[in-house]
Trainee: 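One structure follows; several queries about it will come next.
Hydrogens, waters and symmetry mates are skipped; everything else that's a heavy atom, side chains included, is used.
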Amino acid sequence: MESQQIYPPSTALSAQMADVARLLRSESKDTESILHAISKSAVESVPGAEYASVTLVTGKGQVQTPVMIGDLAGKSDELQQELGEGPCIRSALSEETVRIDDMATDSRWPAFAAGANELGIKSMICFCLYIENENFGALNLHSSTPNAFDDESVSIGSLFAAHAAIAFSAVRERDQIRAALTNRDIIGQAKGMIMERYGLDPDEAFRLLARLSQDANVKLAEIALQVVSAGPDAH
């Protein structure tokens, strides 16, 4: 009888991360699907994790949860949104990893800890995902057992958070490039219509668009879109 080969934990983790990378390349076309895929894999791979969420904190102080794995994860974010504080918000804003070993004894956010404990969340760990302008994000893992997370959980969770941050940045960059190309095409169309309508050369047509943008305090691409939408016969 052949003996079954057992791979060390590091090899298993490497295989799991490779699976996540393949999934992102083949299926993930937007930020939400990327974060959902990584959050799901984190629950499956990080010791102690049962639920997961991604918390976004906007520059206006709004707390959003675009991704949740399990209802308790969403309820945890709802509680923090209601209170305006908690470990997920702290992790997102301060770029630090926050770990709560036992909700029943943690004193840093007493109102949140009491509410989470009542919900059935006994321990948590939160990782900063990214900081973009005035927007912040955190990956959060939850457990219904006290002291569920150890140093290995922190180490493996940090890998997933880093992976999510890199993937998120790549999608944002791709979206920005796509938007820039679209704007360039629209501005080009608007310039052509203005040149034909008013007998201007390319530089003069662009200066006219720029002047309209400045006077109306509206982005150049939006002014160009208005010109194109109005059609060649508009005055």
Side-chain angles (χ1 to χ4, degrees), residues 7-24 28 31-57 63-77 79-80 85-103 106 108-109 112-113 116-117 119-132 135-171:
Y7 294 98
S10 59
T11 302
L13 178 59
S14 297
Q16 177 72 11
M17 296 301 290
D19 288 342
V20 172
R22 283 193 293 271
L23 175 65
L24 296 179
S28 298
T31 301
E32 186 172 327
S33 59
I34 281 179
L35 296 178
H36 187 277
I38 292 178
S39 299
K40 185 175 183 295
S41 295
V43 169
E44 296 170 351
S45 305
V46 176
E50 298 176 48
Y51 315 100
S53 69
V54 172
T55 302
L56 303 183
V57 183
V63 179
Q64 302 172 356
T65 310
V67 174
M68 65 182 75
I69 309 297
D71 290 341
L72 278 183
K75 291 178 180 178
S76 172
D77 269 23
L79 181 60
Q80 289 178 88
E85 64 175 18
C88 305
I89 296 175
R90 170 67 64 82
S91 181
L93 296 178
S94 64
E95 298 184 70
E96 65 179 282
T97 297
V98 177
R99 187 166 118 194
I100 297 179
D101 292 323
D102 190 347
M103 288 291 178
D106 192 87
R108 287 170 290 181
W109 305 278
F112 169 77
N117 189 51
L119 287 172
I121 301 171
K122 305 302 181 180
S123 54
M124 282 182 63
I125 188 168
C126 309
F127 305 91
C128 180
L129 274 183
Y130 67 90
I131 293 179
E132 183 183 60
N135 299 319
F136 308 85
L139 171 66
N140 319 297
L141 304 177
H142 315 71
S143 176
S144 61
T145 304
N147 301 298
F149 301 109
D150 56 16
D151 291 342
E152 183 182 11
S153 303
V154 174
S155 178
I156 296 176
S158 296
L159 288 177
F160 280 94
H163 206 90
I166 292 169
F168 178 83
S169 296
V171 170

Trainee: For S76 and M124: C-alpha separation, side-chain torsions, deciding distance, then whether side-chain contact (heavy atoms from CB on, under 4.5 Å) applies.
Mentor: CA-CA 10 Å; S76 172; M124 282 182 63; 3.9 Å; yes
Trainee: Test of understanding: with side-chain hydrogen bond (donor to acceptor under 3.5 Å, both in side chains), list the residues that count as partners of D101, not counting sequence neighbours.
Mentor: R99
Trainee: Looking only at heavy atoms, what is the nearest atom pair of Y51 and A73, with distance?
Mentor: CB-CB, 4.1 Å
Trainee: Kindly determine whether V67 and K40 satisfy side-chain contact (heavy atoms from CB on, under 4.5 Å), including the steps that lead there.
Mentor: CA-CA 10 Å; V67 174; K40 185 175 183 295; over 6 Å; no
Trainee: Taking distance alone, no hydrogens or angles, what donor-acceptor pairs closer than 3.5 Å link side-chain atoms of residues 86-93 to residues at least two apart or in another chain?
Mentor:
unit_1: S91; atom_1: OG; unit_2: E96; atom_2: O; d: 2.7
unit_1: S91; atom_1: OG; unit_2: C126; atom_2: O; d: 3.3
unit_1: S91; atom_1: OG; unit_2: C128; atom_2: N; d: 3.1

Trainee: Taking NZ in K75 as the centre, count heavy atoms belonging to other residues, nucleotides or ligands within less than 6.0 Å. Is the count above 12?
Mentor: no
Trainee: Going through the checks in order, is the side-chain contact (heavy atoms from CB on, under 4.5 Å) test met by D106 and N117?
Mentor: CA-CA 10 Å; D106 192 87; N117 189 51; over 6 Å; no
Trainee: Within the structure provided, determine whether P146 and S123 are in side-chain contact (heavy-atom separation under 4.5 Å).
Mentor: no
Trainee: Counting C-beta onward and ignoring hydrogens, is there a side-chain heavy-atom pair between S45 and F160 closer than 4.5 Å?
Mentor: yes
Trainee: Not counting sequence neighbours, which residues clear side chain to side chain contact (heavy atoms under 4.5 Å, CB included) with S158? List them please.
Mentor: F127, V154
Trainee: Rounded at 0.5 Å granularity, tell me how far CD1 in I100 sits from CG in N147.
Mentor: 12.0 Å
Trainee: Begin from the C-alpha positions of W109 and V98 and carry the test side-chain contact (heavy atoms from CB on, under 4.5 Å) through to its verdict.
Mentor: CA-CA 12 Å; W109 305 278; V98 177; 3.6 Å; yes
Trainee: Report yes if the side chains of N140 and I125 come closer than 4.5 Å at any heavy-atom pair, otherwise no.
Mentor: no
Trainee: Taking Q64 for the side chain and V57 for the main chain, is one N or O donor matched with an acceptor at less than 3.5 Å?
Mentor: no
Trainee: Atom CZ in F112, atom CD in Q80: separation rounded to 0.5 Å?
Mentor: 4.0 Å
Trainee: Drop me the distance from L56's CG to L129's CG, to the nearest 0.5 angstrom.
Mentor: 8.5 Å
Trainee: For residues I121 and M103, determine if any side-chain heavy atom of one lies less than 4.5 Å from a side-chain heavy atom of the other.
Mentor: yes
Trainee: List the residues meeting side chain to side chain contact (heavy atoms under 4.5 Å, CB included) with D150, not counting sequence neighbours, and say none if there are none.
Mentor: E152, S153
Trainee: With sequence neighbours excluded, tell me which residues meet side chain to side chain contact (heavy atoms under 4.5 Å, CB included) with T65.
Mentor: S53, M68, D77
Trainee: The criterion is side chain to side chain contact (heavy atoms under 4.5 Å, CB included); which residues satisfy it with A52, sequence neighbours excluded?
Mentor: S39, V43, I69, L141
